[in-house]
Amino acid sequence: MKRFTGQDRSITSKWRPATQAVRGGTARSEFGETSEALFLTSGYAYDCAGDAAARFAGEQAGMTYSRLQNPTVEMLEQRIALLEGAEACRATASGMAAMTAALLCQLQAGDHVVAGRALFGSCRWLTDTLLPKFGIETTIVDARVADRFADASKANTKLWFFETPANPTMDVVDLKAVCGLARERGIVSVVDNAFATPALQRPMEFGADVVAYSATKMMDGQGRVLAGAVCGTEDFITNTLLPFTRNTGPTLSAFNAWVVLKGLETLDLRIRKQSENALEVGRFLEARVPRINHPGLPSHPQHTLAMAQMDMTGPIFSFEVDGGRQQAHALLDALALIDISNNIGDSRSLMTHPASTTHSSVAEEKRLEMGVTEGMLRLNVGLEDPIDLIEDLDQALTAAGL
Ligand SMILES: Cc1ncc(COP(=O)(O)O)c(C=O)c1O
């Protein structure tokens, strides 16, 4: 009996990204379902004791326990790997589980890490608090200048870690230059690609070794579940990441994997439309606020670089008001359509004040050094009609005295 049939990767790897996002990684059970099956099971039964022993010995293909493998989760892993152009992918329970695993699986006491200063708050906690606790030293650099990574590196530098565009400053890192410098030195480059997703930017094409995701964002895209993913070579995923994730257990639930599979089907459509909407809203805001950080606008200092390495610039950007936290909060409080929410990548427009939410765990002086000012607001532009969003912003700006 045909039990579960996967795809022939020599065929699927030739598909274009929009096709991969809908069909990549699909495996069908004997029922021939068109939508991916949801396997809510923690364990698997074997036909005989010998099969169980063979599977544990790695001599027989098949599942053993859902902390280690699950058919629905595997479909998602293969779909993300195909989209990324990576040899392999491992899904995790959240974006932070992905970042933590991607770093800790390959580091040990005595290693040194260089990281971009503009990182998501919890990623800065990893570099500034967690890694040093385990004897791993970190140096933080301005990732907009590629040479800073090389200048900060030492004989024991194992890894460079950065995100681009960065949350929430929208700093853009030159992927080709930084990943190239890392390769020359035998240093592993780890890129957090959550803002762009493989639909808009594929860091491995520029030489990145490991690409990690919060799939909670654009991949789910409708604000439903938390998920993460780490992509790399087959050797890295099998021999470095898997021993760590199998034994520490940051496993993605099958249900959440299924939701993200559904999300990926519309990723290309959503991210392109949201990028267009974000540009329209950005152009409006540019004329009304003192500063805007939108890599899709020519006013962004790294606009040319962003356009060279991204297909479009995505739904998220930030802007600043001169009246600090008080005026930023007043603007948020006056919104009638856009939600005050710290999530991003949703099909709904959401706005937050990073200094008092996503980056509140980062000490004030570090926040300022990162460029996260008290007057900064971050906006995720959704799929609503951009004219309604502009009208909402217009009245909120007026109410906040802008
Ligand atoms: C750039 C970036 N990386 C990682 C994360 C963490 O992802 P998660 O919330 O899925 O753990 C976030 C969350 O906002 C993020 O913006």
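All ligand and atom numbering here is 1-based and tracks the order in the structure.
Legend: residues meeting side chain to side chain donor-acceptor pair (under 3.5 Å) with Thr129, ordered by chain and number and at least two apart, are absent.
For residues 211-221, every residue pair satisfying the side-chain hydrogen bond (donor to acceptor under 3.5 Å, both in side chains) rule, not counting sequence neighbours, is listed here: Glu84-Tyr213, Asn193-Tyr213, Ser214-Thr216, Lys217-Asn343, Asp220-Arg224. The list of side-chain hydrogen bond (donor to acceptor under 3.5 Å, both in side chains) pairs with a residue in residues 170-181, not counting sequence neighbours, reads Thr169-Asp171.
The side-chain contact (heavy atoms from CB on, under 4.5 Å) test with Cys89 is passed by exactly one of Ile237, Ile80, Val211, Leu76: Ile80.
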Dump all N/O pairs between ligand 1 and the protein below 3.5 Å as a table: atom names plus distance, one pair per row.
unit_1	atom_1	unit_2	atom_2	d
ligand 1	3 (N)	Asp192	OD2	2.6
ligand 1	7 (O)	Ser214	OG	3.1
ligand 1	10 (O)	Gly95	N	2.8
ligand 1	10 (O)	Ser214	OG	2.8
ligand 1	10 (O)	Thr216	OG1	2.5
ligand 1	11 (O)	Gly95	N	3.1
ligand 1	11 (O)	Met96	N	2.8
ligand 1	14 (O)	Lys217	NZ	3.0
ligand 1	16 (O)	Asn167	ND2	2.9

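Glu77 and Arg90 are joined by a salt bridge, as a carboxylate oxygen and a charged side-chain nitrogen come within less than 4.0 angstrom of each other.
Asn380 contributes a side-chain N or O that, together with a main-chain N or O of Gly345, makes up a donor-acceptor pair within less than 3.5 Å.
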